[in-house]
Amino acid sequence: MSGRVTRRTAAVVLTAVLGAGAGGCSDDGGGGASGVASKAASVGAEVTAAASSVASQGASALASATAEVGRKLESIKGGIDAKDDVKLGKPATDGDGRTTVPVTADNTEDDKKSFAVQVDFVDSDGNRLDTVLVTVRDVPAKASGTATARSTHRLSGTVQARVAKALRY
């Protein structure tokens with residue numbers, strides 16, 4: 001998965017190991033260094049299992065979001081592929097720590113149209129971190145409309161955005 005989970009896992013493991021070490025330094029006759037090592041190994045196994053569960057939950061949440069975006073796109077009747085008519089600006093972080101990106105849709109048609117745009121937020125390796133659906137509504141004929149895509153949660157590291165799908169309807 002992403003480096004974000006790895007950093008969190010490392011922080012949890014470090015905290016757990018330090019906590020186990022501090023517990024082993026008490027005056028309760030807890031077995032000294034071998035007791036600390038045993039506790040650290042036990043805590044390390046628990047932390048590894050917890051980290052695996054967190055990673056699995058993150059993957060599950062992303063899969064769920066992707067499925068929901070897919071369902072919404074499929075529900076659009078008469079939608080035409082418009083990926084080439086949609087451009088994204090530079091990602092930024094808002095006051096809540098979520099990643100945002102400006103979305104511009106160019107309506108090349110002779111009447112008013114709306115656009116449904118799936119924006120994927122990815123890390124520097126291209127791994128998807130989040131996906132959202134943004135609608136640019138009622139763009140006048142031969143004009144452009146704008147909206148802002150916002151991640152569903154805080155993303156860390158270098159985040160890029162890409163248009164995964166776009167429909168004009």
Side-chain angles (χ1 to χ4, degrees), residues 1-16 46-169:
M1 187 140 191
S2 72
R4 172 173 48 91
V5 172
T6 303
R7 284 190 293 273
R8 285 186 186 153
T9 302
V12 170
V13 169
L14 181 59
T15 302
E46 292 172 14
V47 169
T48 300
S52 176
S53 175
V54 167
S56 174
Q57 290 171 5
S60 176
L62 180 58
S64 178
T66 302
E68 180 63 22
V69 167
R71 279 191 293 277
K72 288 180 180 179
L73 284 170
E74 287 175 10
S75 73
I76 296 173
K77 303 298 180 208
I80 304 295
D81 179 18
K83 191 173 177 180
D84 292 339
D85 296 330
V86 176
K87 304 292 181 253
L88 301 179
K90 183 179 178 181
T93 303
D94 69 11
D96 292 333
R98 294 189 184 183
T99 304
T100 61
V101 64
V103 178
T104 302
D106 297 325
N107 182 6
T108 58
E109 298 296 306
D110 292 326
D111 53 341
K112 180 172 48 175
K113 297 291 181 180
S114 293
F115 293 77
V117 182
Q118 177 182 346
V119 176
D120 285 351
F121 293 100
V122 298
D123 65 15
S124 57
D125 293 327
N127 299 310
R128 190 174 356 174
L129 304 172
D130 198 5
T131 188
V132 297
L133 184 68
V134 63
T135 303
V136 184
R137 296 190 187 279
D138 301 327
V139 180
K142 308 292 183 194
S144 297
T146 60
T148 299
R150 182 175 187 250
S151 65
T152 61
H153 57 280
R154 292 179 182 191
L155 305 175
S156 62
T158 301
V159 178
Q160 301 167 355
R162 64 180 178 208
V163 176
K165 294 181 184 174
L167 296 177
R168 180 182 60 235
Y169 59 99

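Because only heavy atoms are used, hydrogens play no part in the values below, and waters and symmetry mates are left out as well, while side chains stay in.
For Thr152 and Asp130, the side-chain atoms include at least one donor-acceptor pair closer than 3.5 Å.
Counting heavy atoms from C-beta on, the side chains of Ile80 and Lys113 never come closer than 4.5 Å. Arg168 places a side-chain heavy atom less than 4.5 Å from the side chain of Asn107.
Taking CG of Asp96 as the reference point, atom OG of Ser151 lies at 9.5 Å (rounded to 0.5 Å). Lys112 NZ to Asp138 CG: the interatomic distance, rounded to the nearest 0.5 Å, is 4.5 Å. Atom-to-atom distance recorded for Thr135:OG1 and Tyr169:OH is 4.5 Å, nearest 0.5 angstrom. Between the CG atom of Asp85 and the CD atom of Glu109 there is a distance of 8.5 Å, given to the nearest 0.5 Å.
Gly89 approaches Val101 most closely through the heavy-atom pair O-CG2, 3.1 Å. In terms of heavy atoms, Leu129 sits closest to Ser156 at CD1-O, 4.5 Å. Of all heavy-atom pairs spanning Ala164 and Lys83, the tightest one is O-NZ, 3.5 Å. The two residues Asp106 and Phe115 make their nearest non-hydrogen contact at O-CZ, 3.5 Å. The two residues Leu73 and Leu167 make their nearest non-hydrogen contact at O-CD1, 3.6 Å. Pairing each heavy atom of Lys77 with each of Glu74, the nearest pair is NZ-O, 4.4 Å.
When the shell of 6.0 Å around CG of Asp84 is examined, it contains 12 or fewer heavy atoms from other residues, nucleotides or ligands.
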Test Arg150 against Val132 for side-chain contact (heavy atoms from CB on, under 4.5 Å), laying out the working first. CA-CA 7 Å; Arg150 182 175 187 250; Val132 297; over 6 Å; no
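A distance-only check finds a donor-acceptor pair linking the side chain of Lys142 to the backbone of Thr108 [under 3.5 Å]. Remark: the backbone N or O of Asp125 is paired with a side-chain donor or acceptor of Asp123 at under 3.5 angstrom. When atom types are taken as modelled, the side chain of Thr148 and the backbone of Pro102 share no donor-acceptor pair closer than 3.5 angstrom.
For the side chain to side chain contact (heavy atoms under 4.5 Å, CB included) criterion with Val119, the lone passing option out of Val103, Leu133, Thr100, Thr99 is Val103.
Look at Arg71 and Glu68 and you find a salt bridge, because one of the NZ, NE, NH1 or NH2 atoms lies within 4.0 Å of a carboxylate O, short of that distance.
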